[in-house]
There are 2 protein chains.
Amino acid sequence: MSDGKRFLKQATQTDVAQAAGVSTATVSRVLNGSLLVRDEVRARVEAAISALGYIPHESARSLATRRSRALGAVIPTLNNAIFASGVNALEQAARERGYSLVISISNYDLDLEAVLVRQMIERGVDGLMLVGNDHTAAARALLATTRLRHICAWAWAEDAASPNIGFDNAAAMAEVVDHLVADGYRRIAMLAGPTAGNDRARDRVQGAVKRLAGHGLSLVNLIETPYSIREARAAAIPLLAARPDAVICGNDVIAFGVHFAAREAGLAIPDDIAITGFDDLTLTAELSPAITTVTVPAAEMGRLCAQHLIDAIETDTDPVSLRLDTRLVIRQTTRAASGAIGLP
Amino acid sequence: MSDGKRFLKQATQTDVAQAAGVSTATVSRVLNGSLLVRDEVRARVEAAISALGYIPHESARSLATRRSRALGAVIPTLNNAIFASGVNALEQAARERGYSLVISISNYDLDLEAVLVRQMIERGVDGLMLVGNDHTAAARALLATTRLRHICAWAWAEDAASPNIGFDNAAAMAEVVDHLVADGYRRIAMLAGPTAGNDRARDRVQGAVKRLAGHGLSLVNLIETPYSIREARAAAIPLLAARPDAVICGNDVIAFGVHFAAREAGLAIPDDIAITGFDDLTLTAELSPAITTVTVPAAEMGRLCAQHLIDAIETDTDPVSLRLDTRLVIRQTTRAASGAIGLP
DNA sequence: GTGAAAGCGCTAACAG
DNA sequence: CTGTTAGCGCTTTCAC
């Protein structure tokens, strides 16, 4: 008995067909909700299915239909709430449409990303979500020759090589700069994320630098740090040596680090030092002082990627780009726009 | 030309075989690293593969081998860093062994979980990670009849129906209680997570209640709240009405809420009120006062699940249970163990 | 070592 | 409406 179980074979469509006294084609029709099956026959087939505990074999189905009903996502990490939330939404939206999600993590390594893209293609995903617009030539070539439908999220560029569903990182940072300058801050420093192979981080720096230049200013200090509270906190020390009156952070995780470093250094926020983040993680609003940051539509990006990818797949079209909005949320780590330029 | 591309067909093993002047069997052997292929032939095949840009078709492979080289994970949410981190580690470890990861989110809904388990089976994953020991009869039946290898993580029970790789939630909470009592706290309340369909949350409550009873005490108040800072913060108000001198929180997210609520109420932590969390999220150490909490081996669980699942798959054995340790991390939201029992 | 042939479980024309 | 017949692309005996 336990031995019998060991070699137990899953019921197959053929078994169901025999049990119901029909052809496998009919079973397939019932499974796929085809309307051209008599109710009586349909009932018989459904009875056989549940009697046998039959479970369809998706690989076989994929092989026959050349469709996997699966989406893929290659992301830098799940250890940042902003990506976790995006993937969460992507999965929910995909599932609502009957698609599965296979994910892999690149750890911000573009060469690894290319390998992962290839594996996604092998797995036969029908659509793929990537993050950002920085990708290796190898990855691009793979995507191009296989014509795999894909969307690059978390970024938006006029001239992007692939469809983008995201936002303009540079523009968002420009808004931050305007706010800071309007508040009277002049000695502005930036603690950025690693810009190598990361167009989002790079755009944020460039966005800040260019807009500052427009105000006739430049960064009094610019340092890059990994996305970790601890490392950002450590990097804040040398950064603060330039005696900035405001620090623009590459994202909220970095802002947390600077926040704690400033507190430790006995600096008053926002009077001695202003701090801005990016992402609007839940906790930015709860810390005191609450962090001024930029709201990023992470869940919406995930949801939209799923929907647009699936629409494109099912209508046999190409996904299109979508530019989403960010919003500056002014809280307590920057002064309210009172100390405007030119006040006595 | 653009029209030609539209109907472009992926190179198949047959194409490679023809190009290399060998049989598909030989191509297959090369692909799978079989040793019984002459070097000269192998080279010819490899040349053809890269010349044609051939990419193997995993569905076809899975159909033929009855193996998918994919793992599945069904988790409650990705919007909690502790699960995100576990999945992140699971993916990394799986990938190292050549396995893909397909994930789905149950939103703490056990009926949905059962549906997702079924989809995982359809997809043909070779192994599955679930969270906790609470599952519907339907899910259990599916797992049992298909004999799908699986591990239930985040929990550990002597009599678990499935292999567990996790920790004893009740024991961890008992340790929290001991610490609190040794510190002199007596009016202890608990803000728990939703216990319905969640054995981890239930075990944490039971672990606290039983250990308190051992000390001749009982909770002065017990309320459940969703795992959200905002809702926990709101729930803390009625909870504090019982005038507890310590609040045990179901996890760190809830602890954040209580932390902010206490601060808002003007209570001094830990003198007016002690707070304990669970999970040891990064920020618990950085807030001030830093939160006393329980370290949970999330990444390790993910990694071990992948390894043990894959070992079991490849050696054709069943995965076994592993009990991991948690550790109480005493920080600043509880008094140091000075006010021990019986002091004047 | 290598090729031929038979499927893996399912869907998709095509008849009837 | 339903059955028959071919495959989808790959692996796997079994001969040679």
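Here is how names work: the chains are called A, B, and so on, in the same order as the sequence lines, proteins then strands, and each is numbered from 1.
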(request) Among residues two or more places apart or on two chains, list those pairs meeting ring-ring contact (aromatic ring centres under 6.0 Å, His included) that have a residue in residues 95-128 of chain B. (result)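 Every ring-ring contact (aromatic ring centres under 6.0 Å, His included) pair that includes a residue of residues 95-128 of chain B, provided the two are not neighbours, is Tyr108(B)-Tyr227(B).
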(request) Cation-pi check, Arg323(A) to Trp156(A): give yes when NZ or CZ is under 6.0 Å from the six-membered ring centre and within 45° of the ring axis, no otherwise. (result)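 Output yes; distance and angle both within limits.
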(request) Can you establish whether the number of heavy atoms outside Glu158(B) located under 6.0 Å from its atom CD is more than 12? (result)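 At most 12 heavy atoms, drawn from other residues, nucleotides or ligands, come within 6.0 Å of this atom.
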(message) Whether the side chain of Asn198(B) engages the backbone of Arg200(B) through a donor-acceptor N/O pair (distance < 3.5 Å, no angle test) should be reported.
(response)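 A pair under 3.5 Å: yes.
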(message) Check whether Ser106(B) reaches the backbone of Glu113(B) with its side chain - one donor and one acceptor, N or O, closer than 3.5 Å.
(response)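 The answer is no, because no donor-acceptor pair under 3.5 Å joins these two groups.
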(request) Treat primed atoms plus P, OP1 and OP2 as sugar-phosphate and everything else as base, then score nucleotides 8-16 of chain D 5' to 3': B for base contact with protein heavy atoms under 4.0 Å, S for sugar-phosphate contact only, - for none. (result) BBBBBB---
(message) Could you work out, with salt bridge (Lys or Arg N to Asp or Glu O under 4.0 Å) as the rule, every residue matching Arg69(B), not counting sequence neighbours?
(response)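 By the salt bridge (Lys or Arg N to Asp or Glu O under 4.0 Å) rule, Arg69(B) matches Glu58(B).
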(request) Determine, for Arg97(B) against Glu314(B), whether the closest basic-nitrogen to carboxylate-oxygen distance falls under 4.0 angstrom. (result)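 Yes.
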(request) Would you mind checking if Asp316(B) and Arg149(B) are paired as a salt bridge, meaning a charged N to carboxylate O distance below 4.0 Å? (result)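 Salt bridge: yes.
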(request) Compute the centroid of each ring, for Trp154(A) and then for Phe83(A), and state whether the two points are separated by less than 6.0 Å. (result)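 That pair passes the under 6.0 Å test.
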(message) At 10 degrees resolution, what angle do the end axes of the helix from dG1(C)-dC16(D) to dG16(C)-dC1(D) form when each is taken over five base pairs?
(response)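 Inter-axis angle at the ends, rounded: 30°.
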Atom pairs and distances, donor-acceptor, side-chain atoms in residues 298-308 of chain B, under 3.5 Å, two or more places apart:
none

(message) Please identify the 5'-most and 3'-most nucleotides of DNA chain C with any atom under 4.0 angstrom from a heavy atom of chain B.
(response)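 Under 4.0 Å from chain B, the extent on DNA chain C is dG1(C) to dG9(C).
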